[in-house]
Amino acid sequence: MGIHMVEVGQGMGCPECGGPLKVQAGEAIVTCEYCGSDVNLAVGTKYFLKHTIIPSKITQEGAVNAVKSWMKRGFLKPSDLARKSKITRLELQFLPMFVVHVVARTKYDGLLTRTGQNIEKKGELVKEYYWEVLGRRASSFPTRSYEVPLSHKVDFDTSRLEKGAKFLNSEIDEKQAESIAKGEIEEHHKFLLKTELDVTHSMTTTFDFKDTEFLHIPAWFVSYEYRGKIYELILDGATGDDIKAEIPSMEKNGLMGKLFGA
Ligand SMILES: [Zn+2]
């Protein structure tokens, strides 16, 4: 037998409306496509974290136009990019996201040695974050370079989902999201403290979690082909801005050759 997608929750019904739940392996929180309730699969009951959504404002046509205008913009792109490329994939996805509101406090102790002397450095770095954690483990969505347009959010309702859009359930719950946020913020503080410390004696971070939000955000996943290669673009479904944009290298397409007469 070949490998196939396993529906782990086959036969499982929504605890709210009784409708059949579509569950894929690895998912933790499943949204009922009939009534919009969220179900915590680990316990089989309703998931109570408030759920909101950023509605999509960019239609398929709008996404194509945004891609074309992006291709024509900026001097770092090949001049024939818009003319010579072909869109091979255009998909609107609603991605699960947690926004973790937390105050992180890092106590540090170490030395600054770059001046040639050992200067003792001791202090506390305190920062407040609305840290974003994507609810999917294998998405190419660049969470760190995206800011949720929170002013656009509305209560979750299945009528907010565009027809044909792909809706993705979350593979983690808020506890896991908070734990991921902890690890990432710790790394981030280590990075920030590089300007303060050359030698670290101790560094401990404590977290004061305020609130965690659960929402779905719209993103257009676009692939385009240019001179035989495939590139990826991700557009914010609420604003049309590019969140991720792969640009063909200029040397490979002969443009540099043209410019410099080689
Ligand atoms: Zn339901």
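Both ligands and their constituent atoms are indexed starting at 1 by order of listing. All residue numbers in this chain count up from 1 along the given sequence.
Around the Zn ion (ligand 1), protein N, O or S atoms at less than 2.8 Å comprise C14 SG, C17 SG, C32 SG, C35 SG.
By the 4.5 Å side-chain criterion applied to Ile, Leu, Val, Met, Phe, Trp and Tyr, V126 is assigned to a cluster that also includes V103. When hydrophobic residues (I, L, V, M, F, W, Y) are linked wherever their side-chain heavy atoms come within less than 4.5 Å, the members clustered with V199 are L111. In the hydrophobic clustering (ILVMFWY side chains linked at under 4.5 Å, chained through shared members), I243 is joined by I54, L95, M97, V99, Y130, L134, F141, Y146, V148, L150, L168, L215, I217, F221, I234.
With W131 as reference, H188 is the one residue of H188, H101, H189 to meet the ring-ring contact (aromatic ring centres under 6.0 Å, His included) rule.
Side-chain rings of F156 and H51 approach one another, their centers coming within less than 6.0 Å.
D173 has its side chain within reach of Y47: a pair of non-hydrogen atoms, C-beta onward, lies under 4.5 Å apart.
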